[in-house]
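For reference, the structure discussed in these notes is given below.
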Amino acid sequence: MIELKNEKLTVLIKEFGAEIASVKNAAGREYFWCGDKKFWGGQAPVLFPVCGKLLNLAFRHKGKTYTMKGHGFARNKTFRAEKIGDTCAVFTLCDDEETRAQYPFAFRLSVRYELNGESIVITNSVENTGDETMYFNFGSHEAYAADGNFEDWSVEFEKTENLRILEQIGPAYLTGRVLPFRDGVKELKLSYAMFEEASLAFDKIQSRAATLKCCGKPVVHVDFTGFDQLLLWTKPNAPFICIEPWNGVPDYIDTDGDLSHKRGILALEAGKTYSMPHTLQFFD
């Protein structure tokens with residue numbers, strides 16, 4: 001466990017999965033979900049090299065079939081941690097024999113956490129260290145404690161949105177249909193009923209920031225400038241809410257299984273690096 005600390009925040013990050021385990025302010029307020037397995041054991045898993053599930057948990061590349069669990073393998077790997085002073089640490093994962101059995105690409109994935117006042121600046125970078133184009137997705141999955149009455153919580157978007165969601169079926173595959181959800185929404189009041197079927201995977205959302213609020217007061221502001229998608233998720237009666245910036249989507253039910261054809265896939269040429277920043281700002 002790596003501790004980062006400044007005058008505003010104390011943050012704990014696990015080397016296993018490079019996952020945030022705790023964020024507290026100077027008064028000791030805990031902002032992150034505790035990871036109680038009664039509801040869900042995760043807290044802020046790093047999603048790489050896929051977001052969501054592959055159809056039949058498999059894909060093809062150059063005629064060979066590979067199998068991989070949902071959200072990829074990074075969340076279940078131990079990263080190498082390098083602490084840079086009291087307020088910054090970089091967690092790095094490189095391909096190895098285990099990853100290449102699931103994903104035939106050479107890579108270096110780094111997750112950099114840096115405290116800046118009341119904010120955590122998170123920069124996720126993927127470097128293609130191989131000699132062929134690699135295909136990947138990346139997602140963040142931070143879960144925030146939502147104590148008390150869940151309906152007191154809301155998410156305020158940067159812009160007023162006509163919200164549309166991607167229809168999901170079975171174990172969270174996409175059907176290709178886009179469903180109307182809410183029009184003219186600036187602040188979305190949360191309820192467990194919203195999540196009875198699946199997560200809320202918004203289609204072509206215009207905002208690149210959202211603020212989690214309780215009883216109208218801001219708790220955390222998420223700036224996800226470096227990401228294309230936004231999802232919200234919780235489980236029935238669970239005291240947490242996930243605000244998830246993704247670059248990528250789960251498989252569609254009509255996918256042909258070729259990774260290079262996967263909708264939402266990112267292509268990275270040999271020797272190139274792709275960076276995805278987002279910032280979490282916490283309020284007292």
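Remember, it's a predicted structure, so these values are computed and weren't measured experimentally. Count residues from 1 along the sequence.
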(message) As an exercise, state the distance from NZ of K186 to OG of S154, rounded to the nearest 0.5 Å.
(response) 12.0 Å

(message) For W40, is there any backbone N or O sitting under 3.5 Å from a side-chain donor or acceptor partner on W33?
(response) yes

(message) With salt bridge (Lys or Arg N to Asp or Glu O under 4.0 Å) as the test, pick out the partner of E187 among K213, R182, K159.
(response) K213

(message) For the CG atom on D131, are there more than 12 heavy atoms of other groups (residues, nucleotides or ligands in this structure) within a distance under 6.0 Å?
(response) no

(message) Just to verify, which of K14, R75, K77 counts as forming a salt bridge (Lys or Arg N to Asp or Glu O under 4.0 Å) with E19?
(response) K14

(message) Rounded to the nearest 0.5 Å, what separates atom NE2 in H278 from atom CZ in R208?
(response) 13.5 Å

(request) Take atom CD of E197 as the centre, draw a 6.0 Å sphere, and report whether it contains more than 12 heavy atoms from other residues, nucleotides or ligands. (result) no

(message) As an exercise, state the distance from CG of L12 to CZ of F32, rounded to the nearest 0.5 Å.
(response) 11.0 Å

(message) Quick check on side chain to side chain contact (heavy atoms under 4.5 Å, CB included): which of V178, L166, I165, L231 does F202 satisfy it with?
(response) I165

(request) Find the distance between OH (Y144) and CD1 (I243) and round it off to the nearest 0.5 Å. (result) 5.5 Å

(message) Please determine whether salt bridge (charged side-chain N to carboxylate O under 4.0 Å, His left out) holds for the pair D258 and K62, giving the CA-CA distance in whole Å, both sets of side-chain angles, and the decisive distance to 0.1 Å.
(response) CA-CA 8 Å; D258 189 305; K62 293 185 174 179; over 6 Å; no

(message) Tell me if the CZ atom of R263 is crowded by more than 12 foreign heavy atoms within 6.0 Å.
(response) yes

(message) Can you see whether E30 engages S22 through a side-chain donor-acceptor pair at a distance of less than 3.5 angstrom?
(response) yes

(request) Begin from the C-alpha positions of E142 and I122 and carry the test side chain to side chain contact (heavy atoms under 4.5 Å, CB included) through to its verdict. (result) CA-CA 11 Å; E142 290 95 358; I122 306 171; 3.7 Å; yes

(message) Can you tell me if L179 has over 12 outside heavy atoms packed within less than 6.0 Å of its CG?
(response) yes

(message) For the aromatic rings, using the six-membered ring if either is Trp, is the centroid distance between F150 and Y192 under 6.0 Å?
(response) yes

(message) Quick one, Y113 with V11, criterion side chain to side chain contact (heavy atoms under 4.5 Å, CB included). Give me CA distance, side-chain angles, the key distance, then yes/no.
(response) CA-CA 10 Å; Y113 295 97; V11 179; 6.0 Å; no

(request) Nearest 0.5 Å please: distance from the NZ atom of K189 over to the CH2 atom of W153. (result) 12.5 Å

(request) Could you pull out the closest heavy-atom pair between G17 and V46, with the gap in Å? (result) O-CG2, 3.5 Å

(request) Answer with yes or no after comparing the ring centroid distance for Y66 and F59 against a 6.0 Å cut-off, counting only values under it. (result) yes

(message) Looking at every non-hydrogen atom in both residues, tell me the closest pair between L190 and I241 and how far apart they are.
(response) CD1-CG1, 4.0 Å

(request) Would you indicate whether E7, at its atom CD, is surrounded by more than 12 heavy atoms from other residues, nucleotides or ligands within a distance under 6.0 Å? (result) yes

(message) Would you say T92 and E82 are linked by a side-chain donor-acceptor pair, where the criterion is simply a distance under 3.5 Å?
(response) no

(message) Assess the residue pair F105 and N128 against the criterion (side chain to side chain contact (heavy atoms under 4.5 Å, CB included)); give the C-alpha distance rounded to whole Å, side-chain angles, the decisive distance to 0.1 Å, and a yes or no.
(response) CA-CA 8 Å; F105 299 101; N128 182 349; 6.0 Å; no

(message) Please check this pair: side chain of Y173 against backbone of L54, looking for a donor-acceptor N/O pair closer than 3.5 Å.
(response) yes

(request) Can you establish whether the number of heavy atoms outside K272 located under 6.0 Å from its atom NZ is more than 12? (result) no

(request) Classify the ring geometry between F48 and Y103 as parallel (under 30°), tilted (30 to 60°) or perpendicular (over 60°). (result) perpendicular

(request) Let me know which of L212, T211, V222 forms a side chain to side chain contact (heavy atoms under 4.5 Å, CB included) with V155. (result) L212

(message) Please give me the minimum heavy-atom distance between M134 and V126, naming the atom from each residue.
(response) CE-CG1, 3.8 Å

(request) Measure the spacing between NZ of K24 and CZ of R29 and express it to the nearest 0.5 Å. (result) 13.0 Å

